[in-house]
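One structure below.
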Amino acid sequence: MAVGTHGESFMETDPPSSRTARRGGPPPAASGPGLDGLVQVANKIRDAVESVIEGKPAVVRLALTVLLAEGHLLIEDVPGVGKTMLAKALARSVDCSVRRVQFTPDLLPSDITGVSAYNQEMREFEFKPGPVFANIVVGDEINRASPKTQSALLECMEERQVTVDGTTYELEPPFMVISTQNPVEMEGTYPLPEAQRDRFTARISMGYPDPAAEMEMLDTHGQASPLDRLSPVAHASDVRDLIEVVRRQHVSQAVRQYAIDLVGATRGHPELRLGASPRATLHLVRAARAYAALDDRDYVVPDDVQDLAVPVLAHRLLPTAEAQVDRRRPEQVVTDLVKRLPVPSPGK
């Protein structure tokens with residue numbers, strides 16, 4: 001693996017500074033928080049979320065990674081494992097605008113984006129913003145809405161803007177959509193189209209807690225919800241500053257080529273009828289930057305790409321009919337590709 005002694009080989013040669021010479025990445029900008037500040041604030045957010053979500057540190061870290069990578073998160077799992085709780089905990093940990101949307105079959109696109117209503121006093125149409133005009137939008141059971149309503153999120157998720165009646169409205173950063181869906185109960189649901197799944201940076205599954213975490217949950221959730229006691233530990237401006245730090249993370253040519261090779265290998269795989277898109281490559285590298293920053297590194301190593309390959313790529317892939325008969329899931333295909341593809345040699 002590339003972490004450890006090999007990690008420094010992916011730093012390349014950048015102008016040294018008192019701090020980055022030790023890590024090997026490019027020097028930080030003159031203004032704004034550095035990597036140390038990012039780690040401190042990120043740890044506060046992580047601790048706040050973990051006070052609500054018991055025994056799932058990897059899931060919490062991935063959710064925080066998506067936030068700092070300017071992405072969107074799809075939480076897919078069976079009922080009752082804390083999907084909505086995770087989304088709410090992350091939203092409440094940051095002092096920013098948060099809106100929750102319960103997706104139902106009768107929900108209309110205007111219920112999400114907003115609508116122009118006629119103001120009789122002013123004798124003109126006035127735009128009434130919908131719940132998408134928030135820093136964090138929590139969409140519960142997104143696959144219960146019709147494809148027409150789901151498509152209302154396409155523009156805002158990719159371009160950070162909303163167009164209503166020919167007028168475009170910018171969304172204030174940070175902007176993140178956290179959606180949940182139940183993969184088991186399919187009656188009355190509409191599968192997410194490929195275009196929308198491709199806009200989610202990562203998909204995660206909560207999984208069942210281990211017995212110790214479930215016992216802890218009974219103690220903490222037995223009398224009152226821990227969400228009621230959760231207070232913001234960071235501001236929206238803090239998240240914007242952290243995103244700027246993540247953007248400055250160094251990614252060597254070798255690591256970028258490794259990400260391209262990994263994504264490209266899905267496009268011609270015999271068990272897949274749809275591989276990952278160029279957007280997937282971009283999301284993979286962005287997420288790797290944030291993942292490395294949370295490890296207090298200002299450079300990305302192949303291990304970061306490998307750790308994120310399944311959550312970032314698997315939900316974008318469509319297996320062939322033969323693979324479905326053999327019960328081969330896209331996650332297994334990505335795992336096999338990670339094991340098979342050669343890791344960049346140190347120093348290249």
Side-chain angles (χ1 to χ4, degrees), residues 1-51 53 55-71 73 89-90 93-94 174 176 201-202 204 232-256 258-259 283-312 343-344 346-347:
M1 303 295 280
V3 166
T5 57
H6 291 174
E8 296 183 1
S9 301
F10 295 97
M11 297 186 293
E12 294 188 343
T13 55
D14 295 291
S17 68
S18 59
R19 185 172 183 283
T20 58
R22 184 179 75 252
R23 291 198 173 96
S31 61
L35 191 59
D36 289 336
L38 180 147
V39 174
Q40 292 175 6
V41 176
N43 285 341
K44 291 180 181 179
I45 300 176
R46 182 202 63 196
D47 293 342
V49 177
E50 288 185 353
S51 69
I53 304 298
K56 298 293 180 182
V59 171
V60 174
R61 180 183 178 181
L62 184 56
L64 191 54
T65 296
V66 174
L67 173 64
L68 298 183
E70 304 175 82
L73 183 65
L90 181 61
S93 299
V94 181
M176 180 182 187
T201 300
I204 61 175
V233 296
H235 299 277
S237 59
D238 296 328
V239 176
R240 285 193 290 268
D241 291 340
L242 300 186
I243 288 173
E244 288 299 323
V245 175
V246 169
R247 287 176 177 175
R248 299 196 297 266
Q249 291 290 94
H250 179 64
V251 186
S252 69
Q253 180 69 24
V255 173
R256 282 181 285 174
Y258 179 60
H283 285 184
L284 183 59
V285 173
R286 284 179 177 175
R289 284 192 176 108
Y291 201 77
L294 293 176
D295 260 351
D296 200 14
R297 278 185 286 107
D298 51 12
Y299 58 92
V300 177
V301 296
D303 280 5
D304 300 322
V305 177
Q306 292 177 340
D307 290 345
L308 293 167
V310 170
V312 173
V343 178

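We count residues from 1, following the sequence as given. In what follows, every heavy atom counts, from backbone to side chain, and hydrogens, waters and symmetry copies are set aside.
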With a 4.5 Å limit on heavy-atom distance, are the side chains of [X] and [Y] in contact?
| X | Y | value |
| --- | --- | --- |
| V255 | P302 | yes |
| D298 | H250 | no |
| L62 | L308 | yes |

Nearest heavy atoms of [X] and [Y], plus distance in Å:
| X | Y | value |
| --- | --- | --- |
| T201 | G71 | OG1-CA, 3.0 Å |
| M176 | L73 | CE-CB, 3.8 Å |
| Q249 | R297 | NE2-O, 2.5 Å |
| P174 | A236 | CD-O, 3.8 Å |
| V285 | A259 | CG2-CB, 4.0 Å |

Report the distance from atom [atom1] of [X] to atom [atom2] of [Y], rounding to the nearest 0.5 Å.
| X | Y | atom1 | atom2 | value |
| --- | --- | --- | --- | --- |
| L35 | Q40 | CG | CD | 10.0 Å |
| E244 | L38 | CD | CG | 11.5 Å |
| I243 | L67 | CD1 | CG | 6.0 Å |
| E70 | L242 | CD | CG | 11.5 Å |
| R247 | R286 | CZ | CZ | 8.0 Å |
| L68 | I45 | CG | CD1 | 7.0 Å |

Seminar exercise, completed: Exactly one of D304, L294, V60 clears side-chain contact (heavy atoms from CB on, under 4.5 Å) with T65, and that residue is L294

Between [X] and [Y], is there a donor-acceptor pair closer than 3.5 Å when you use the side chain of the first and the backbone of the second?
| X | Y | result |
| --- | --- | --- |
| D295 | A292 | no |
| R46 | P57 | no |
| Q306 | V301 | no |

